[in-house]
Undergrad: 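Please find one structure pasted underneath; my questions will follow.
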Amino acid sequence: QVQLVESGGGLVQAGGSLRLSCAASGRTIAYYHMGWFRQAPGKEREFVAALSWSGSIVDYGESVKGRFTISRDNAKNTVYLQMNSLKPEDTAAYYCCVLVNARPPVPRGEWGQGTQVTVSS
């Protein structure tokens, strides 16, 4: 099927920015709905962003709306998550995935290894 590798995480101060990448291989993701989720230690997985294959649907979790932007570059078979105005509450491991449905976002089951984002105050 498809393999996903997240990258771009790191340590950043509150108010800073990061761009996460999700590189796909094995199949083109051009016609896949894609999403980002995050999970902090001891907390449930939280929806972050979703993007339908055509781009007609773009949704965000309430906690990140207005600060994060999901996008894709089909030529690079890559999905991105631009994260601005970061807050300590954004600290988590971030995962991308294929979605069987964009709205509401329903993961298909493929996940990357995750990339850690740590926001200091």
Side-chain angles (χ1 to χ4, degrees):
Q1 195 50 251
V2 62
Q3 294 78 48
L4 304 171
V5 178
E6 300 95 336
S7 63
L11 176 63
V12 64
Q13 291 188 325
S17 298
L18 286 173
R19 188 181 74 159
L20 307 184
S21 298
C22 174
S25 61
R27 297 180 66 88
T28 178
I29 60 170
Y31 304 115
Y32 286 177
H33 310 311
M34 300 295 294
W36 287 92
F37 290 77
R38 66 188 184 186
Q39 188 166 28
K43 299 187 66 177
E44 292 186 350
R45 183 182 63 191
E46 179 185 18
F47 168 68
V48 175
L51 179 64
S52 64
W53 76 267
S54 67
S56 62
I57 297 174
V58 186
D59 286 337
Y60 300 95
E62 287 297 322
S63 62
V64 308
K65 193 171 298 182
R67 300 186 298 120
F68 291 9
T69 303
I70 186 172
S71 63
R72 72 200 306 155
D73 185 338
N74 288 336
K76 296 182 178 180
N77 216 31
T78 299
V79 177
Y80 302 97
L81 184 69
Q82 179 66 48
M83 311 165 67
N84 298 328
S85 301
L86 283 163
K87 305 175 180 180
E89 308 93 271
D90 297 318
T91 295
Y94 284 71
Y95 302 87
C96 69
C97 65
V98 175
L99 301 173
V100 297
N101 196 76
R103 181 182 288 160
V106 179
R108 193 172 75 172
E110 299 96 337
W111 300 91
Q113 84 291 345
T115 186
Q116 178 67 38
V117 172
T118 302
V119 184
S120 66
S121 59

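Note: hydrogens, waters and symmetry copies are ignored here, and every other heavy atom, side chains too, is used. Just so it is clear, the structure is predicted and the values come from calculations on it, not from any experiment. Along the sequence shown, residues carry numbers from 1.
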Undergrad: Which class fits the ring pair Y95 and W111: parallel under 30°, tilted 30 to 60°, perpendicular over 60°?
TA: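 Aromatic pair Y95/W111 classed perpendicular.
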Undergrad: Checking side-chain contact (heavy atoms from CB on, under 4.5 Å) for the pair R38/V64: CA distance, chi angles, key distance, verdict?
TA: CA-CA 11 Å; R38 66 188 184 186; V64 308; 3.7 Å; yes
Undergrad: Among the clusters formed by ILVMFWY side chains lying less than 4.5 Å apart, do V79 and L99 turn up in the same one?
TA: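 No, no single cluster joins them.
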Undergrad: Taking R67 first and then D90, would you say they form a salt bridge - that is, a charged N and a carboxylate O separated by under 4.0 Å?
TA: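 Salt bridge flag = yes for D90 with R67.
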Undergrad: Using distance alone, with no hydrogens and no angle criterion, decide if E46 and S63 have a side-chain donor and acceptor under 3.5 Å apart.
TA: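 Yes, a side-chain donor-acceptor pair sits under 3.5 Å.
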Undergrad: Measure the shortest side-chain to side-chain distance between V5 and Q113 over non-hydrogen atoms and say whether it is less than 4.5 angstrom.
TA: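 Heavy-atom side-chain distance check passes, below 4.5 Å.
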Undergrad: Minimum heavy-atom separation for P105 to P107, with atom names?
TA: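 Scanning both residues completely, I find the closest heavy atoms to be O-CD, 3.8 Å.
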Undergrad: Which atoms form the tightest heavy-atom contact between L86 and V12, and what is the distance?
TA: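 Closest approach of L86 to V12: CD1-CG1, 3.5 Å.
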Undergrad: Look at the side-chain heavy atoms of Ile, Leu, Val, Met, Phe, Trp and Tyr, link any pair under 4.5 Å apart, and say whether V119 and F37 land in one connected group.
TA: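 V119 does not cluster with F37.
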Undergrad: Is V58 linked to V48 within one hydrophobic cluster, defined over Ile, Leu, Val, Met, Phe, Trp and Tyr using a side-chain heavy-atom separation of less than 4.5 Å?
TA: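 Yes, one cluster joins them.
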Undergrad: Is it true that, when you exclude R27 itself, more than 12 heavy atoms of the residues, nucleotides or ligands shown sit nearer than 6.0 Å to its CZ?
TA: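 12 or below, so no.
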Undergrad: I need the T115 OG1 to Y94 OH distance, nearest 0.5 Å.
TA: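 So the OG1 of T115 and the OH of Y94 are separated by 10.5 Å.
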Undergrad: Are Q82 and S17 packed together at the side-chain level, in the sense that at least one heavy-atom pair is separated by less than 4.5 angstrom?
TA: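 A side-chain contact under 4.5 Å exists here.
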Undergrad: Taking the side chain as every heavy atom from C-beta outward, state whether I70 and Y80 have any pair of such atoms under 4.5 Å apart.
TA: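 No, side chains not in contact.
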Undergrad: Side chains of R108 and Q1: is there a donor and an acceptor less than 3.5 Å apart?
TA: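 R108 vs Q1: donor-acceptor pair found between side chains.
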Undergrad: What residues form a disulfide bond (SG atoms under 2.5 Å apart) with C22, not counting sequence neighbours?
TA: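 With sequence neighbours excluded, C22 shows a disulfide bond (SG atoms under 2.5 Å apart) to C96, given in chain and number order.
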Undergrad: Would you give the length of the straight line joining atom CG of L18 to atom CG of N84, rounded to the nearest 0.5 angstrom?
TA: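 Here the interatomic distance stands at 9.5 Å.
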Undergrad: With side chains defined as the heavy atoms from C-beta onward, is the minimum distance between L20 and M83 less than 4.5 Å?
TA: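 L20 reaches M83 side chain to side chain.
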Undergrad: Check the pair W53, Y32 against ring-ring contact (aromatic ring centres under 6.0 Å, His included), reporting the backbone distance first and the verdict last.
TA: CA-CA 5 Å; W53 76 267; Y32 286 177; over 10 Å; no
Undergrad: Measuring from atom NZ of K87 to atom OG of S121, what distance do you get when rounded to the nearest 0.5 angstrom?
TA: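 K87 NZ to S121 OG: 14.0 Å, rounded to 0.5 Å.
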Undergrad: Using a distance-only test with no angle check, is there a side-chain donor-acceptor pair under 3.5 angstrom linking N74 and R72?
TA: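 There is such a pair between these side chains.
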Undergrad: Please report the shortest heavy-atom distance between A50 and A102, naming the atom on each side.
TA: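 For A50 and A102, the tightest heavy-atom pair comes out as CB-O, 3.7 Å.
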Undergrad: Between OG of S120 and CD of Q13, what distance do you get to the nearest 0.5 Å?
TA: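 One gets 5.0 Å once the value is rounded to the nearest 0.5 Å.
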Undergrad: In terms of hydrophobic clusters joined by side-chain contacts under 4.5 Å, are V117 and Y60 together?
TA: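 Cluster IDs for V117 and Y60 match.
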Undergrad: Could you walk me through whether T91 and Q116 pass side-chain contact (heavy atoms from CB on, under 4.5 Å), step by step?
TA: CA-CA 8 Å; T91 295; Q116 178 67 38; 4.0 Å; yes
Undergrad: State, without any angle test, whether D73 and T78 hold a side-chain donor-acceptor pair at a distance under 3.5 Å.
TA: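 There is no such pair (donor and acceptor under 3.5 Å, judged by atom type) between the side chains of D73 and T78.
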Undergrad: Could you see if M34 belongs to whatever hydrophobic cluster contains V2? Use Ile, Leu, Val, Met, Phe, Trp, Tyr and a side-chain cutoff under 4.5 Å.
TA: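 M34 and V2: one cluster.
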Undergrad: Quick one: do E110 and C97 satisfy side-chain contact (heavy atoms from CB on, under 4.5 Å)? Show the steps, please.
TA: CA-CA 6 Å; E110 299 96 337; C97 65; 5.9 Å; no
